[in-house]
Amino acid sequence: MRRKTRKVSVGQIGIGGDSPVTVQSMTNTDTADFEKTFGQLRVLEDAGCDIVRIAVPSVESAEVFKYLKNRGVRAPLVADVHFDYKIALAAVSAGADKIRINPGNIGEKWKVREVADACRSSGLPIRIGVNSGSVEKKLLEKYGSPSAEALAESALLEAEALEEFGFSDIVLSIKSSDVQTMVKATKIVAAECDYPLHLGVTEAGPAYDGIIKNCAGLGALLLDGIGDTVRISLTADPAEEVRAGRKLLSALGLSRKGGINVISCPTCGRTRIPLIRIAEDYQERTKNLDTKGKSITVAIMGCAVNGPGEAREADFGIAGGDGCGVLFRHGEICEKIDEDRLVDRLFEETERYIKEAE
Ligand code: SF4
């Protein structure tokens with residue numbers, strides 16, 4: 001069962017409560033280059049990103065929100081601010097939909113209050129993002145290291161710093177590059193408060209390693225009903241983060257946008273077609289395909305003897321023969337296809353299926 005949380009609104013999108021789990025990413029363009037940042041936002045939107053975060057290193061660069069809103073960006077935008085409360089205030093004025101700050105690094109209480117008041121009057125939530133590097137000195141002394149307990153206590157103390165000013169439209173994230181620490185810390189916080197939680201393994205590495213670490217940690221929490229929005233943080237193209245996030249939600253049955261779930265066999269001595277290449281080509285061609293909210297299971301199987309039967313639960317799929325293959329729907333073979341037409345035919349079938357579902 002999903003953990004009960006309060007709900008906050010980021011533009012048109014809810015986080016927590018009964019809102020579906022959302023996928024976030026972050027631009028890595030120079031924020032001051034508004035046009036380039038706009039270009040990347042479009043790419044992230046096309047990849048299915050629900051919420052986009054933008055680093056705001058200066059008061060001047062906060063104007064990016066005004067620019068992006070004027071250009072018709074649909075995704076809600078989060079201003080990522082460190083240290084300077086004036087930048088947070090500028091981001092609120094320029095049209096950001098959420099502010100990410102840590103009260104602890106904003107400084108004096110009156111500055112935190114200014115940010116809280118500005119967000120309250122504009123109806124913006126604040127995300128507090130705690131990670132191993134942000135844990136306060138006194139907690140490091142108390143726990144000896146940025147342990148799960150230290151991270152959890154830090155997040156709750158940061159939330160208190162906003163609650164002090166009557167502000168409770170808060171999302172919390174507790175990140176670590178260590179999967180077990182992240183999971184443990186998040187579970188502690190989940191048990192101690194009802195704030196919605198943003199999940200992520202930070203500094204997780206390049207795509208392959210990073211996706212495994214994130215999915216291990218986030219999967220464990222999401223299956224326990226914990227987590228309201230996710231970012232698969234990768235040293236890679238941000239669009240990859242979005243695709244990985246969407247795939248994770250889809251694999252856990254939590255996707256509200258539908259998508260294509262490919263099931264494919266591991267190949268064996270019976271395989272007579274280049275199945276690995278076929279599966280990769282198909283995934284590449286469909287990676288940004290809008291399934292109009294429909295969840296489709298597509299099978300790519302090595303042999304027609306076992307394939308259609310093993311993949312009976314698929315909506316449709318192909319199974320290999322010798323230099324050719326067959327198309328099947330719900331386990332029933334319906335058409336023979338030349339090997340070099342298999343990917344094209346599978347793609348056509350996918351488009352037909354989406355169209356029929358409209
Ligand atoms: Fe082997 Fe056929 Fe099973 Fe693929 S579907 S693993 S080719 S038996």
Side-chain angles (χ1 to χ4, degrees), residues 47-48 179 205-220 222-223 232 234 236 240 242-255 257-357:
V179 175
Y208 191 82
D209 289 32
I211 289 173
I212 289 174
K213 287 184 208 169
N214 270 284
C215 290
L218 275 52
L222 290 165
L223 285 173
I232 309 279
L234 302 174
E240 283 303 310
V242 178
R243 283 190 277 273
R246 296 244 72 92
K247 286 278 179 201
L248 173 63
L249 296 188
S250 170
L252 299 175
L254 295 171
S255 177
K257 287 194 170 172
I260 297 174
N261 174 30
V262 172
I263 55 174
S264 53
C265 82
T267 73
C268 74
R270 292 184 194 85
T271 320
R272 293 284 177 273
I273 55 167
L275 194 79
I276 296 172
R277 181 179 57 71
I278 288 171
E280 284 174 355
D281 284 357
Y282 177 73
Q283 282 223 300
E284 183 59 28
R285 274 183 77 169
T286 56
K287 69 181 185 186
N288 282 345
L289 192 67
D290 182 358
T291 63
K292 316 280 184 204
K294 179 118 186 113
S295 295
I296 312 170
T297 302
V298 179
I300 302 178
M301 306 298 280
C303 73
V305 181
N306 295 333
E310 283 178 20
R312 202 169 280 123
E313 73 273 25
D315 294 302
F316 56 87
I318 52 123
D322 198 352
C324 64
V326 292
L327 177 79
F328 60 90
R329 298 190 186 105
H330 299 288
E332 298 297 322
I333 293 175
C334 30
E335 190 182 320
K336 191 174 168 198
I337 306 157
D338 283 343
E339 178 188 303
D340 52 11
R341 279 268 307 141
L342 283 169
V343 177
D344 286 345
R345 189 65 194 84
L346 205 48
F347 189 72
E348 286 162 15
E349 189 69 7
T350 309
E351 286 189 312
R352 186 189 67 80
Y353 198 84
I354 294 168
K355 212 162 180 193
E356 270 180 11

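Both counts, for ligands and for their atoms, begin at 1 and track the order of listing.
Shown are the protein N/O/S atoms under 2.8 Å from atom 2 (Fe) of ligand 1, given by residue and atom: Cys303 SG.
At a threshold of 4.0 Å, the pair Arg270-Asp322 does not count as salt-bridged, since none of the basic side-chain nitrogens sits closer than that to a carboxylate oxygen. Look at Glu348 and Arg345 and you find a salt bridge, because one of the NZ, NE, NH1 or NH2 atoms lies within 4.0 Å of a carboxylate O, short of that distance. Salt bridge status for Arg285 with Asp281: absent, with no side-chain N to carboxylate O gap under 4.0 Å.
Shown here are the side chain to side chain contact (heavy atoms under 4.5 Å, CB included) partners of Arg352, two or more places apart in sequence or in another chain: Arg329, Glu349, Glu356.
More than 12 heavy atoms of other residues, nucleotides or ligands sit less than 6.0 Å from atom CD1 of Ile212. A 6.0 Å sphere centred on CD of Glu313 holds more than 12 heavy atoms belonging to other residues, nucleotides or ligands.
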